[in-house]
Amino acid sequence: MSHLDLLRTIQRVFRRAQLPMAYSQGFNPHPKISFSPALPVGVSSEAEYLDVELAEHMDESKIKLQLKGQAPAGMKFLEIVDIGFNRTALNAEINRANYQIRGLFKCNREDLDLCVQELLGQEELMVKKVTKKGIKEKNIRPGIFQLECKSDQKGLCLEMTLLTGSEGNVRPEHILELISNKCGLIIEEPLIKRTSLFIDNGQEQVSPLS
Amino acid sequence: MRQYIQNKLLPAVQKPARYLGDEWNAIKKPWDGAKVKMAFAFPDVYEVGMSHLGLHILYGLVNNQEEFLMERVFAPWVDLEERLREENISLFSLESYRPIKDFDVVGFTLQYEMSYTNILNMLDLADIPLRSKDRTEGDPLVIGGGPCAVNPEPLAPFFDCFLIGDSEEMLLEVLEAVSAWKDKEVDKEILLGQLALIQGVYVPDFYQISYNQDGTVSDINASDRNVPDRVRRRVIPDLDTAYFPVKPIVPHMEVVHDRIMLEVMRGCTRGCRFCQAGMIYRPVRERKQETLFQQAEELVKNTGHEEISLTSLSTADYSCVQPLVVSLLNKYQEQGINIALPSLRVDSFSVDLAKEVQRVRKSGLTLAPEAGSQRLRDVINKNVNEEDLISAVRGAFKAGWTNIKLYFMIGLPTETQDDLLEITRLAKDVLRLGRDELKLLGKGRPMITVSVSSFVPKPHTPFQFEPQDSRSLLKEKQEFLRENLKAKGLKYKWHNRNISFLEAVFAKGDRRVADTLETAWAKGCKFDSWDEHFSLALWEKAFDDTGLDPHFYANRNISYEEMLPWDHIDTGVSKKFLINEHRQALKHVLTKDCRWQDCTGCTICDRFDVANRLWGEVTIAAD
């Protein structure tokens, strides 16, 4: 599902739940909903955030009750918080994303650990970005804050904290690309999951709900 | 299988949401709980198929029956097709991800001729033998329905039967018969014999076609069977009490018509002589305003859509349209729900309605004068004069519309250069009017889009006797318009004439073109309605290989006496009426709408025991 599909779906969920959305003024009124940084197509997520303005005040518990049973399979509303009116846009506020990648690791743990160390040791990690003007090279190293290989009962996985939001965006696919290009290690049929989004304000890491 | 496809194949294809299933309101019935399982097959991509109202109606209807289930399948886009073929994965349904060949019945909807190669491709992807004679009791029954079924002959060898007309009752009778047949474990032949007795069901295998030396049909013979000589189209007499789904599927992704479709009526008796829908969906059957209002309420609640479209062949003709629109607006406007009127007449009543509904949002306005000159509009029985058009357009500009789309056809019977000139004159008049009106309002510049398609003569219309213009003539006409529609604020769009040509061949084709169809498919033709996939060269080769002349079907004058490949399909409108209408066309004589004027003698009401059903007071003087 694309970000636009998600947007449309959320609006429909709210309408089915009979929640009175506030609309923008003007030529083409639309509901006042804003989202956390777009989730790439094909990536699952355990943590997406959205701000919705309602036309009238409602209690969080009532909203939650009305939303119950209205979301399509695979989507669930976890928490609802009243944030008032003057909050910064989610997309400008959220700047870190955690991802977990599973899949068929065509390599062993030791090689992968070494590769991760090597990547983190670099000052510059260039990846190709396809833009409207053609293919551009971009250094994503400053946008990688954490990267490690883990193993649990389900097998190997990669976990990482990457830059996201209006300051820039590093995609988890870029990490797979680097692991393949720099170390020759392949992870087939990767399943990528966004595990959390948060705000790093320079002093501490906080949840968007706080 | 679902996991394998979703994890392994879908990440590598465009728009994977096409194949996910699990949409809101999708119905997943337990497989073993249903006695007859049917796959509804739409021979085009998901976003086209999901915009088709018939799918939603039959999906809800069949799944409402305890012993039946229906799942959906669409034509996979070429990228997924490639993966399916590479990995030997059989075409699957979106609900259970089961192979289509596991279903008892596979039903294709026949919405447009250029989807025919996709039907063969889907059967092939499903590992189902293409021709009914090659299928055995273990294979699904392959059935078809929809507008193109009124001339099913080009598809006859591939289908076990066709459902002609409204399917709401007929399809359930077909599934009952399949259910009873499954208990008995007898030949498929026996089942087909049962099906052929259901009114509206056509089993092509029971009808022998013979041909004259000149290639025309000499006889359609069913005499050695206990089946009707002519198959009568099935008509639901009362639409108001007919089934309508109030929990349609809400797609994950954006589809072509991404909105609630509220069917206000079926049928149109305006009698435009080129229009197949205006002949084969008679009579006019309206739903009551209260029924529609109630359905709208449930649909909004159950889908969350932001727009309600009042659908029909000509919604401005719905006798309760004004009060319905007002009551819907009053109820839904403040919830941000838009009302849409997809088909407007060319008059100020329609523009006033559009003004009413677009209090919420503004988009372009489309009007279809169809022909540029009054003379030619009289030939086609498009009961619109220039005054209507100009006052409609003036009203639109005054109301603030800046983008107007005018829809025309070229290649209509009797058309001359003068008629084409009239298209360009009309377009320029509208542009000038727009400039003046918008200047007064201080509203910027008008944009007039002139969209021109090529006339395709369709079976069961008064113009079925007419040839299509040759492609070279159409090319000249298209170029003439392009040269003469150059102005700032004018945009000219035209359709691919080669596609229109093939459409004409298959619209009026007989059983022999089925071979060409299969050959073309084998050569790689598919998605023929998509410009980027259509290959005239492959089609020409297919005609060569099968020794058929496409011009015989598309570009020939047909005499009234000739037996037509579709003469054994009785839509209710008699051939005598079509002949008479064709004669009137050549004499430039108009035929009035029987809703508001006298009976025009199409014979359906008497012969099929039906009637126009209008619920509102007739306050709209149509002419």
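Please read these numbers as outputs of a predicted model, since none were measured by experiment. Below, chain A is the first sequence line, B the second, and so on; all start at residue 1. Because only heavy atoms are used, hydrogens play no part in the values below, and waters and symmetry mates are left out as well, while side chains stay in.
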Q. Short question: side chain of A:Tyr23, backbone of B:Glu334 - any donor-acceptor pair under 3.5 Å?
A. no
Q) Counting heavy atoms not belonging to B:Lys247, are there more than 12 under 6.0 Å from its NZ? A) no
Q. When you look at CD of B:Glu82, are more than 12 heavy atoms from neighbouring residues, nucleotides or ligands closer to it than 6.0 Å?
A. no
Q: Would you indicate whether A:Lys138, at its atom NZ, is surrounded by more than 12 heavy atoms from other residues, nucleotides or ligands within a distance under 6.0 Å?
A: yes
**Q.** With sequence neighbours excluded, residues passing ring-ring contact (aromatic ring centres under 6.0 Å, His included) with B:Phe244
**A.** none
Q. In Å, rounded to the nearest 0.5 Å, how long is the span from CG of B:Asn302 to CD of A:Gln70?
A. 8.5 Å
**Q.** Interface moiety of B:Pro16 toward chain A, non-hydrogen atoms closer than 4.5 Å
**A.** side chain
Q.
Under a 4.0 Å threshold between the charged nitrogen and the carboxylate oxygen, would A:Arg8 count as salt-bridged to B:Glu306?
A. no
**Q.** Closest heavy-atom pair and its distance - A:Arg12, B:Gly304
**A.** CG-O, 3.1 Å
**Q.** Reported CZ-to-NZ distance for the pair A:Arg15 and B:Lys301, which is rounded to 0.5 angstrom
**A.** 16.0 Å
Q) Residue by residue, which of residues 84-92 of chain B have a heavy atom closer than 4.5 Å to a heavy atom belonging to chain A? A) none
(Q) Checking an interface table here. Which of residues 1-8 of chain B come within a heavy-atom distance under 4.5 Å of chain A? (A) B:Asn7, B:Lys8
Without placing hydrogens or testing angles, list every side-chain donor-acceptor pair under 3.5 Å for residues 48-60 of chain A, not counting sequence neighbours.
from: A:Glu48; atom 1: OE1; to: A:Arg194; atom 2: NH2; distance (Å): 3.0
from: A:Glu48; atom 1: OE2; to: A:Ser45; atom 2: OG; distance (Å): 2.7
from: A:Glu48; atom 1: OE2; to: A:Arg194; atom 2: NE; distance (Å): 3.0
from: A:Glu48; atom 1: OE2; to: A:Arg194; atom 2: NH2; distance (Å): 3.1
from: A:His57; atom 1: NE2; to: A:Asp82; atom 2: OD2; distance (Å): 3.3
from: A:Glu60; atom 1: OE2; to: A:Asp82; atom 2: N; distance (Å): 3.3

Q: Heavy atoms only, distances under 4.5 angstrom: which of B:Met253, B:His305, B:Lys15 has the most pairs with chain A? Name it, please.
A: B:His305
Q | Under 3.5 Å: donor-acceptor pair, side chain of A:Arg16, backbone of B:Thr303 | A | yes
Q. Do other residues, nucleotides or ligands put more than 12 heavy atoms under 6.0 Å from the NZ atom of B:Lys439?
A. no
Q.
Quick check for you: among B:Val300, B:Asp258, B:Asn25, which has the greatest number of heavy-atom pairs under 4.5 Å with chain A?
A. B:Asp258
Q: Tell me, for A:Val41 versus chain B, whether the close heavy atoms (under 4.5 Å) come from the side chain, the backbone, both or neither.
A: side chain
Q. Hey, is CD on B:Gln335 packed in by over 12 heavy atoms from elsewhere, all under 6.0 Å?
A. yes
(Q) Using heavy-atom distances under 4.5 Å, tell me whether B:Glu254 contacts chain A through its side chain, its backbone, both, or neither. (A) both
